[in-house]
Novice: 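This structure is in structure tokens; I'll ask about it shortly.
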Protein chains: 2
Amino acid sequence: MSATVKNTEKLILEAARKVFIHKGCAGARMQEIADEAGINKALLHYYFRGKDKLFEAVFLQAASTFLPAIKDVLERDMPFNQKIVLFVNTYVDVLVANPYIPAFVIQELNNNPAKFVGLLKNYGLNPRPMLLQIEQEIALGHIREMKADHFMVNLLGLCLFPFIARPVVKGILNMSEEKYQEFLIERKTEIVQFVKNSITVS
Amino acid sequence: MSATVKNTEKLILEAARKVFIHKGCAGARMQEIADEAGINKALLHYYFRGKDKLFEAVFLQAASTFLPAIKDVLERDMPFNQKIVLFVNTYVDVLVANPYIPAFVIQELNNNPAKFVGLLKNYGLNPRPMLLQIEQEIALGHIREMKADHFMVNLLGLCLFPFIARPVVKGILNMSEEKYQEFLIERKTEIVQFVKNSITVS
DNA sequence: AAGCGGTTTAACCAAGTGGTCAAATATACA
DNA sequence: TGTATATTTGACCACTTGGTTAAACCGCTT
């Protein structure tokens with residue numbers, strides 16, 4: 001209200017995101033989204049054509065906030081050591097800044113696996129360059145012998161898991177929200193260390 | 001029908017599980033569950049009191065198939081090297097045998113974080129013993145210096161991630177269902193190798 | 001065959017759902 | 001100012017939802 005010009009469309013997207021995240025698409029109610037945005041329900045249909053379209057809009061907006069950074073990292077040509085650092089830092093930073101994304105994606109993934117994978121491929125996201133680089137490094141003897149695809153999945157799992165399973169990990173380790181935030185930041189160096197130790201040839 | 005005595009209750013649970021898994025609790029329809037089980041909708045209310053209760057029954061049944069094994073591993077007193085192997089093998093084996101669990105848990109996690117964490121703690125699942133063991137091993141100089149909780153999360157992430165994000169990983173790596181199954185089995189040795197390399201003191 | 005408990009069914013219901021629409025209001029422009 | 005255009009609203013609707021209920025069905029004992 002105050003300083004920001006009231007942009008109804010963005011208002012709706014934000015409200016919809018909030019509701020969709022912890023209710024899911026099926027669990028969310030158009031009325032609840034409208035209430036959250038402080039507007040009339042019919043406006044949702046005025047700006048977006050309906051629930052499905054609104055969900056898709058929210059989802060695409062979410063995707064567009066993290067895909068570019070991810071794509072960039074996967075394709076960037078740089079020394080492997082530095083690339084790992086960049087990879088880890090990018091993933092963790094993006095997710096710390098947008099903590100709602102993982103739950104959102106995983107949710108969509110259950111209901112519509114093919115769609116999301118299609119989106120990724122369609123966007124041009126492709127792990128080939130990095131997989132090749134890993135194999136090269138192995139061939140050159142720079143890093144330990146290992147299967148490239150497993151290494152890739154390891155890296156992803158180390159970065160993403162604490163975000164996906166945030167509530168469990170936080171709960172099990174008995175951490176406050178602030179503590180967990182710190183923990184996630186810490187992980188950047190911790191993961192890099194862990195991975196580097198693991199791949200260094202002895 | 002044929003050999004098995006028709007046990008309606010189990011029939012319902014199985015049908016409900018199928019539907020709940022890829023529709024979520026909110027997205028699932030009682031009618032669809034009834035159809036899937038080949039029975040009348042009212043029977044669902046006869047055996048279970050309603051949708052919520054039915055979902056809870058399915059969820060608890062799922063939990064009871066993996067919690068015992070996990071709890072056992074966390075508490076088992078054995079040499080650290082062997083424990084890592086057991087840890088990884090247990091998690092991966094349980095999930096290969098029950099591939100529907102991760103999606104189910106993650107789904108429930110979004111809608112009701114506190115409940116699941118409560119269930120875990122209430123069940124007596126507690127990472128303390130293993131965390132302590134890790135710290136001891138470090139103190140004894142058996143493994144590299146590192147933060148125990150990060151190590152724990154690393155281990156979990158390496159094991160669980162490819163199951164949670166199954167469709168993405170499978171899609172991105174362009175694997176068939178059978179190939180991915182093999183990939184998951186492979187991971188048992190791959191993860192153990194990865195972790196051991198990482199923690200071994202140089 | 002009659003009676004009885006547990007099981008299964010079809011028909012039904014109230015509440016809530018996404019979606020529509022004409023009217024009201026704000027906004028820009030002449 | 002007046003008027004056309006875009007935005008916003010309340011009231012409404014057709015339909016689906018989870019849930020209920022009375023009656024039918026089954027397998028049993030007497």
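Below, read A as the first sequence line, B as the second, and so on, with proteins coming before strands; counting in each chain starts at 1.
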Novice: B:Lys53 has an atom NZ; how far is it from atom P of D:dG18, in whole Å?
Specialist: 16 Å

Novice: Would you say the side-chain atoms of A:Arg187 pair up with the backbone N or O of A:Leu158, donor to acceptor, closer than 3.5 Å?
Specialist: yes

Novice: Figure out the CE/P separation between B:Met30 and C:dT8, and round it to whole Å.
Specialist: 15 Å

Novice: With no hydrogens and no angle check, do the side chains of B:Asn174 and A:Lys121 hold a donor and an acceptor under 3.5 Å apart?
Specialist: yes

Novice: Out of A:Glu186, A:Glu190, A:Glu182, which residue meets the salt bridge (charged side-chain N to carboxylate O under 4.0 Å, His left out) rule with B:Lys147?
Specialist: A:Glu186

Novice: Under a 4.0 Å N-O cut-off, is there an ion pair linking B:Lys188 with B:Asp93?
Specialist: yes

Novice: Ring-plane angle category for A:Phe116 and A:Phe66, please: parallel below 30°, perpendicular beyond 60°, tilted otherwise.
Specialist: tilted

Novice: Parallel, tilted or perpendicular, judged at 30° and 60°: which one describes the rings of A:His150 and B:Phe183?
Specialist: parallel

Novice: Give, ordered by number, those residues of residues 35-52 of chain A having at least one heavy-atom distance below 4.0 Å to an atom of DNA chain C; if nothing qualifies, reply none.
Specialist: A:Lys41, A:Ala42, A:His45, A:Gly50, A:Lys51

Novice: Contacts to DNA chain C from residues 14-29 of chain B, heavy-atom cutoff under 4.0 Å, which residues?
Specialist: none

Novice: Is there a ring pair (Phe, Tyr, Trp, His ring centres under 6.0 Å) between B:Phe20 and B:Phe104? Walk through the geometry before answering.
Specialist: CA-CA 8 Å; B:Phe20 278 140; B:Phe104 207 67; 7.0 Å; no

Novice: Should A:Thr8 be listed as having a side-chain N or O under 4.0 Å from OP1 or OP2 of D:dT7?
Specialist: no

Novice: As a quick check of understanding, evaluate side-chain hydrogen bond (donor to acceptor under 3.5 Å, both in side chains) for B:Gln107 and B:Asn111, giving each step before the final call.
Specialist: CA-CA 7 Å; B:Gln107 208 173 128; B:Asn111 306 329; 5.7 Å; no

